[in-house]
Amino acid sequence: MGERVGIGFDVHRLVEGRDLILGGVNIPWEKGLEGHSDADVLTHAIMDAILGAAALPDIGQLFPDSEDKYEGVSSLLLLERVMNLLDEEGYVLVNVDSTIICEAPKIMPYTEAIRENLAKAIGVHPSCVGVKATTTEGLGFTGRGEGIAAQAVCMIADNK
């Protein structure tokens, strides 16, 4: 099997009355992300990248929003479950790189805490987790502050 690559992408709408959770970090902001779980768009993109690399079902199939047990659940907990599935399939994560796409708030002050949270949940050194943020220069739904998007890519390898 060797090495495999996966890519993930997710989008959530910004709404009032919700916490803004990215990579398990609660970022002080006037709005949060709408979703059934904690709506951690970054962690969702990373999970789908990992699952895709292993040719496993996506997070919508594994953790459906129609099941009450996933309501408000921490996406980091779900990421740990994804890592257990990856291990069961005989793979280890080599690295993950990700990008958060939003106009505001500024993410850079939180990237180190996000990396550490993700690395702990994945079970790797933080140097194996890349977290970046960018804007769309005011264009599109992220530029208008309607939502936040995230994309991720990962490499997995046989654990033999």
Side-chain angles (χ1 to χ4, degrees), residues 1 3-27 29 31-103 107 110-111 114-115 117-124 128-134 136 140-157 159:
M1 288 188 243
E3 296 175 334
R4 301 175 74 154
V5 174
I7 187 166
F9 179 79
D10 198 26
V11 173
H12 283 270
R13 180 184 317 275
L14 281 164
V15 295
E16 293 183 10
R18 293 272 308 210
D19 288 338
L20 177 57
I21 309 293
L22 295 172
V25 174
N26 191 333
I27 298 174
W29 188 241
K31 293 181 179 179
L33 294 169
E34 182 176 55
H36 187 67
S37 65
D38 63 4
D40 185 338
V41 68
L42 175 62
T43 303
H44 293 179
I46 289 170
M47 287 189 290
D48 270 341
I50 295 166
L51 292 165
L56 293 169
D58 67 22
I59 62 172
Q61 292 172 295
L62 292 175
F63 314 114
D65 62 8
S66 59
E67 293 192 25
D68 291 342
K69 65 183 176 181
Y70 299 121
E71 186 172 358
V73 71
S74 167
S75 293
L76 289 181
L77 176 63
L78 300 180
L79 178 56
E80 290 173 5
R81 292 183 186 172
V82 166
M83 296 310 298
N84 289 335
L85 290 173
L86 191 67
D87 183 58
E88 290 171 13
E89 293 293 315
Y91 293 105
V92 294
L93 184 89
V94 176
N95 75 307
V96 63
D97 188 29
S98 61
T99 304
I100 302 163
I101 305 158
C102 66
E103 212 64 33
I107 304 301
Y110 306 99
T111 56
I114 291 170
R115 285 179 69 215
N117 279 351
L118 292 169
K120 183 177 178 184
I122 292 169
V124 297
C128 297
V129 179
V131 176
K132 304 173 300 301
T134 191
T136 56
F141 72 90
T142 59
R144 291 187 300 271
E146 296 170 9
I148 294 178
Q151 59 186 15
V153 63
C154 75
M155 178 175 284
I156 62 173
N159 70 1

Can you tell me how far apart CG (Leu51) and CG (Leu85) are? Round to the nearest 0.5 Å. 7.0 Å
Asp65 versus His36, side-chain donor and acceptor atoms under 3.5 Å: no
For the residue pair Gly145 and Lys31, what are the closest heavy atoms and their distance? O-NZ, 4.4 Å
Nearest non-hydrogen partners of Ala53 and Gly6, listed with the distance: CB-N, 3.5 Å
So which atom in Pro64 and which in Gln61 form the shortest heavy-atom distance, rounded to 0.1 Å? CD-O, 3.7 Å
Find out whether Leu77 and Phe63 are in side-chain contact, i.e. whether some heavy atom of one side chain is under 4.5 Å from a heavy atom of the other. no
Check the pair Ile21, Thr43 against side chain to side chain contact (heavy atoms under 4.5 Å, CB included), reporting the backbone distance first and the verdict last. CA-CA 9 Å; Ile21 309 293; Thr43 303; over 6 Å; no
For Glu67, look at atom CD and say whether over 12 heavy atoms of other residues, nucleotides or ligands are found less than 6.0 Å away. yes
Counting only N and O atoms by type, is there a donor-acceptor contact under 3.5 Å from the side chain of Ser75 to the main-chain atoms of His44? no
To the nearest 0.5 Å, what is the distance between CG on Leu42 and NE2 on His12? 10.5 Å
After noting the C-alpha distance and the side-chain angles of Ile107 and Ile114, does the key distance pass the side chain to side chain contact (heavy atoms under 4.5 Å, CB included) rule? CA-CA 10 Å; Ile107 304 301; Ile114 291 170; 4.3 Å; yes
Rounded at 0.5 Å granularity, tell me how far CZ in Arg115 sits from NZ in Lys132. 10.5 Å
Distance from Ile156 atom CD1 to Leu86 atom CG, nearest 0.5 Å? 5.0 Å
Main chain of Gly24, side chain of Asp40: is a donor-acceptor contact present, judged purely on distance under 3.5 Å? yes
Between Asp19 (side chain only) and Gly32 (backbone N and O only), is there a donor and an acceptor less than 3.5 Å apart? no
Could you work out, with side chain to side chain contact (heavy atoms under 4.5 Å, CB included) as the rule, every residue matching Ala149, not counting sequence neighbours? Phe9, Val11, Ile101, Phe141, Thr142
Rounded to the nearest 0.5 Å, how far apart are OH of Tyr70 and CD1 of Ile59? 11.5 Å
Do the non-hydrogen side-chain atoms of Asn117 and Leu76 ever get within less than 4.5 Å of each other? yes
With a sphere of 6.0 Å drawn around CZ of Arg13, does it hold more than 12 non-hydrogen atoms of other residues, nucleotides or ligands? no
For a 4.5 angstrom cut-off between non-hydrogen side-chain atoms, does Ile50 reach Tyr91? no
Using the rule given for side chain to side chain contact (heavy atoms under 4.5 Å, CB included), can you reason through Leu22 versus Val131, listing the C-alpha separation, both sets of side-chain angles and the distance that settles it, and then say yes or no? CA-CA 11 Å; Leu22 295 172; Val131 176; over 6 Å; no
Taking the side chain as C-beta and beyond, is there a heavy-atom pair between Asp48 and Asp10 under 4.5 Å? no
Under 3.5 Å, side chain of Arg18 to main-chain N/O of Leu33, donor-acceptor pair present? yes
Residue pair Ala152 / Ala49: nearest heavy atoms and the distance that separates them: O-CB, 3.7 Å
Return the SG to CG distance between Cys102 and Leu20, rounded to the nearest 0.5 Å. 7.5 Å
